Amino acid sequence: MFYLSIKRCLDTLLAFLALIILSPLFLILVIIIKCDSKGPILFKQKRIGKNKKTFQILKFRTMKITTPKDTPTHMLENPEQWITKFGKFLRKASLDELPQIINILKGDMSIVGPRPALWNQTDLIDERDKYNVHKLYPGLTGYAQIHGRDELPISEKAKLDGLYAKRISFWLDVKIFFGTILSIFKSNGVVEGGTGTLEKKNKK
């Protein structure tokens, strides 16, 4: 597919422009994070990338340094207790994901693609294998992020990622990008530790 051959070039160009434009915001967030709680500004974590190769994802730190490592938020007991005061805002607005622009420039990620699983999230990794999702670069945002985000069960997330892998195109990426911005403003699907919340609602 022609689009896949130029997608990497588009990602690099757009990420470079975004880094320049958003640099003042980066500086403001860095200062507030440093004043808000003890610990490093950036949070690094091993994730699954293209062809299941691992890489270190970058995020603005939103959790206390005492938080259990390499544990998905939905597996933490009372996840709210681990999140810093400013971290709650960062996560709700998805601003904690901005450092992944650097991951895109490094060639670890794409702007749009399946969200990268933790290296030990075997349930999600196995489900994605069914749909050949790992042939793609993971994304800053993805198809599942505009269809429920945190509320979706693992199987549904993987299925949506599979649909994206089948239908990937420039116009679908544009739709997902702007759909993500709309979801962020509406805070759609943001539930701390809420993986599968939608499924639980439907069972009631």
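For clarity, every value in this text was computed on a predicted model and none was experimentally measured. We're numbering straight along the sequence, starting at 1.
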Do F89 and I33 land in one hydrophobic cluster if side-chain heavy atoms of ILVMFWY residues count as linked below 4.5 Å? yes
Side chains of R61 and T84, donor plus acceptor under 3.5 Å:
no
Check ion pair K7-D173 (N to O, under 4.0 angstrom)
yes
Residues A15 and I104: closest non-hydrogen pair is CB-CG2, 3.7 Å
Taken to the nearest 0.5 Å, the spacing of L182 CG from I146 CD1 works out to 9.5 Å
d(I111 CD1, R8 CZ) to nearest 0.5 Å is 9.5 Å
Requested in this report: Following the transitive rule for hydrophobic clusters with a side-chain heavy-atom cut-off under 4.5 Å over Ile, Leu, Val, Met, Phe, Trp and Tyr, establish whether F170 and L17 coincide in one cluster.
Outcome: no
Residues V112 and Y164: closest non-hydrogen pair is O-OH, 3.4 Å
Rounded to the nearest 0.5 Å, the CG atom of D96 sits from the CG atom of L58 at a distance of 12.0 Å
Result for side-chain contact (heavy atoms from CB on, under 4.5 Å) between I125 and one of I154, I48, N120 points to I48
So K159 and K130, do their side chains get closer than 4.5 Å, heavy atoms only?
no
| request: Check whether any side-chain heavy atom of I65 lies under 4.5 Å from a side-chain heavy atom of S37, and answer yes or no. | output: no
In terms of heavy-atom contacts, L95 and F60 come closest through O-CD1, 3.4 Å
- Task: Check the pair T62, F43 against side-chain contact (heavy atoms from CB on, under 4.5 Å), reporting the backbone distance first and the verdict last.
- Result: CA-CA 8 Å; T62 61; F43 169 71; over 6 Å; no
Quick note, salt bridge (Lys or Arg N to Asp or Glu O under 4.0 Å) partners involving residues 29-43, not counting sequence neighbours, are none
Within-4.5 Å side-chain heavy-atom neighbours: F55 and K106: no
The reported gap from NZ in K64 to CH2 in W82 (rounded to nearest 0.5 angstrom) is 8.0 Å
Problem set entry | Donor-acceptor pair, side chain of R115 and main chain of G139, under 3.5 angstrom | yes
To the nearest 0.5 Å, atom CG of L118 lies from atom CD of Q45 at 4.0 Å
Q | Check: E127 side chain, L124 main-chain N or O, donor-acceptor pair, under 3.5 Å | A | no
Taken in chain and number order and not counting sequence neighbours, the residues that satisfy ring pair (Phe, Tyr, Trp, His ring centres under 6.0 Å) with Y131 are none
- Query: Out of curiosity, does W171 fall in the hydrophobic cluster containing L10 (side-chain heavy atoms, cut-off under 4.5 Å, transitive links)?
  - Reply: yes
- Item | Note, E97 side chain near T141 side chain (heavy atom, < 4.5 Å) | no
Does a side-chain heavy-atom distance below 4.5 Å link K59 with R91? no
Closest heavy-atom pair, Y137 versus G107, reported as atoms and distance to 0.1 Å, is CE2-O, 3.3 Å
All heavy atoms of L90 vs all of L29, minimum pair found to be CD2-CD2, 3.8 Å
Are M109 and V174 connected into the same hydrophobic cluster when the rule is that any two of I, L, V, M, F, W, Y join if their side-chain heavy atoms are below 4.5 Å apart? yes
* Side chain R47, main chain I57, donor-acceptor under 3.5 Å -> no
Discussion item. Grouping I, L, V, M, F, W and Y whenever their side-chain heavy atoms are under 4.5 Å apart, do L22 and I102 come out in a common cluster?
Written reply: no
In short, D161 meets A144 closest at the heavy-atom pair OD1-CB, 4.2 Å
Interatomic distance, CZ@F26 vs CD1@I101, rounded to 0.5 Å, equals 4.5 Å
message: Within a 6.0 Å radius of atom OH on Y3, are there more than 12 heavy atoms belonging to other residues, nucleotides or ligands?
response: yes
Query raised in the report: Are any of the side-chain heavy atoms of L136 and S110 separated by less than 4.5 Å?
Result: no
- Message: Given 3.5 Å as the limit, does a donor-acceptor pair link the side chain of N103 with the main chain of Q56, or not?
- Response: yes
Checklist entry - Taking side chain as C-beta onward, heavy atoms only, is I181 less than 4.5 Å from F185? => result yes
